[in-house]
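Here is the structure we will look at.
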Number of protein chains: 2
Amino acid sequence: MIVTDKKCRKSQQRKVILDELQKSTAHPTAKQLYQLVKKRLPDVGMATIYRNLDHLEKNNQVIKIGSKQNETRYDGKISKHCHLICRDCNHIIDLMDVDKIIIKSKELKQSKFKIDPNYAEIFGTCNACC
Amino acid sequence: MIVTDKKCRKSQQRKVILDELQKSTAHPTAKQLYQLVKKRLPDVGMATIYRNLDHLEKNNQVIKIGSKQNETRYDGKISKHCHLICRDCNHIIDLMDVDKIIIKSKELKQSKFKIDPNYAEIFGTCNACC
DNA sequence: CTGGATGCAAAGGTTTTGCACGCTA
DNA sequence: TAGCGTGCAAAACCTTTGCATCCAG
């Protein structure tokens with residue numbers, strides 16, 4: 001579902017932030033984005049970056065990678081399994097019985113990326129949050 | 001590859017931290033683990049929790065969930081795609097051409113978890129780090 | 001004009017580090 | 001006894017928030 005915020009104003013800052021993020025392929029951090037934006041708007045503040053990233057994410061113009069929680073979580077089970085992570089409540093479900101994760105992608109083959117089968121995080125919405 | 005640290009000592013603290021983590025199914029944060037450990041070792045400090053979690057992770061006894069980087073990263077591409085994340089260098093590769101991710105798991109079906117196809121993070125090692 | 005957006009500075013959280021002391025092997 | 005591990009406190013980070021001011025619509 002795409003939410004369009006009718007009350008939002010298109011400030012220079014917001015435009016530049018979105019533009020820099022769309023131009024980049026590096027998946028930058030807020031700080032890196034700040035450096036990029038600062039080149040075009042030297043007076044920009046860090047708070048503006050964060051506020052706009054939140055705003056843009058809520059309006060589905062930007063993706064925040066990973067869990068929305070900013071505390072690291074740990075798992076004492078080291079046998080092969082993967083995690084389902086609820087983007088709403090941060091609940092994590094273990095999938096212990098996954099034989100194989102099949103991803104059909106040419107880019108994956110070309111990338112020569114070596115998938116660690118113990119480590120996949122699949123995001124979505126858990127039963128309680130649906 | 002399993003790395004066993006020959007110089008490590010089995011302090012009470014380390015044993016209790018590992019034990020609590022293995023008993024838990026909640027994927028606790030460092031702080032939550034601290035509360036659990038504190039019940040058994042009232043004088044334990046937060047630094048001990050963090051140092052041991054690092055140590056245990058390096059020895060493959062504990063999994064740190066998510067990217068090892070603790071800064072949030074953002075993506076300006078909102079079309080459906082998933083991410084390959086290198087656990088060594090934190091490089092993120094976009095897979096734009098994934099039709100479907102197939103996960104064979106009974107637990108997944110039972111969980112009624114609703115996967116967001118735009119959001120999968122597959123961890124491993126990138127070409128440069130192999 | 002109006003109220004959303006900004007910049008600055010301060011506060012809030014999490015994680016790391018320095019240091020003297022304690023404890024395992 | 002050697003040197004790894006601990007607890008405490010301070011520091012280092014990342015992110016959020018309060019407030020006066022600015023500016024887009």
**Request:** State the dot-bracket string of DNA chain D. Criteria: Watson-Crick or G-U wobble, both atom distances under 3.5 angstrom; notation: ( ) intrastrand, [ ] crossing earlier pairs, | interstrand, . unpaired.
**Result:** |||||||||||||||||||||||||

**Message:** Taking the nucleotide of DNA chain C with the nearest heavy atom to each, does B/Gln12 or B/Lys64 sit closer to the 5' end?
**Reply:** B/Lys64

**Prompt:** Toward the 5' end of DNA chain D, which comes first, B/Gln13 or A/Tyr50, by nearest nucleotide?
**Reply:** B/Gln13

**Prompt:** Are B/Asp75 and B/His81 linked by a side-chain donor-acceptor pair shorter than 3.5 Å?
**Reply:** yes

**Complete:** With the side chain defined as heavy atoms from C-beta on, B/Arg14 is closest, among C/dG7, D/dG5, D/dT15, to D/dG5

**Item:** Shortest side-chain distance from A/Lys10, nucleotide among D/dC4, C/dT15, D/dG25
**Value:** D/dG25

**Asked** Between A/Asn52 (side chain) and A/Thr48 (backbone), is there a donor-acceptor pair under 3.5 Å?
**Response** yes

**Fill in**
Atom CG of B/Asp54 and atom C1' of D/dT6 are separated, to the nearest Å, by 15 Å

**side chain to side chain contact (heavy atoms under 4.5 Å, CB included) partners for B/Thr25, two or more places apart** = none

**Prompt:** Looking at the side chain of A/Ala30, which of C/dT14, D/dG5, D/dT15 is the nearest nucleotide?
**Reply:** D/dT15

**Asked** Side chains of A/Asp94 and B/His27: donor-acceptor distance under 3.5 Å anywhere?
**Response** yes

**Fill in**
Comparing nearest nucleotides in DNA chain D, the 5'-proximal residue of the pair A/Ser11, A/Arg51 is A/Arg51

**Message:** Does C/dT14 have OP1 or OP2 under 4.0 Å away from a side-chain N or O of A/Gln69?
**Reply:** no

**Asked** So, is A/Thr72 near the phosphate of C/dT15, with a side-chain N or O under 4.0 Å from OP1 or OP2?
**Response** yes

**Message:** Could you tell me how far apart A/Leu33 (CG) and D/dT15 (C1') are, to the nearest whole angstrom?
**Reply:** 15 Å

**Asked** Counting just side-chain N and O atoms, does A/Asn52 come under 4.0 Å of either OP1 or OP2 of C/dT6?
**Response** yes

**Prompt:** Does a donor on one side chain and an acceptor on the other come within less than 3.5 Å for A/Asn90 and A/Ser67?
**Reply:** yes

**Asked** Does B/Pro117 reach the side chain of B/Ile101, with side-chain heavy atoms less than 4.5 Å apart?
**Response** no

**Asked** Would a distance-only check, ignoring hydrogens and angles, find a side-chain to backbone donor-acceptor pair under 3.5 Å from B/Arg87 to B/Thr125?
**Response** no

**Complete:** Side-chain atoms of B/Thr48 come closest, of D/dT15, C/dT15, D/dG7, to D/dG7

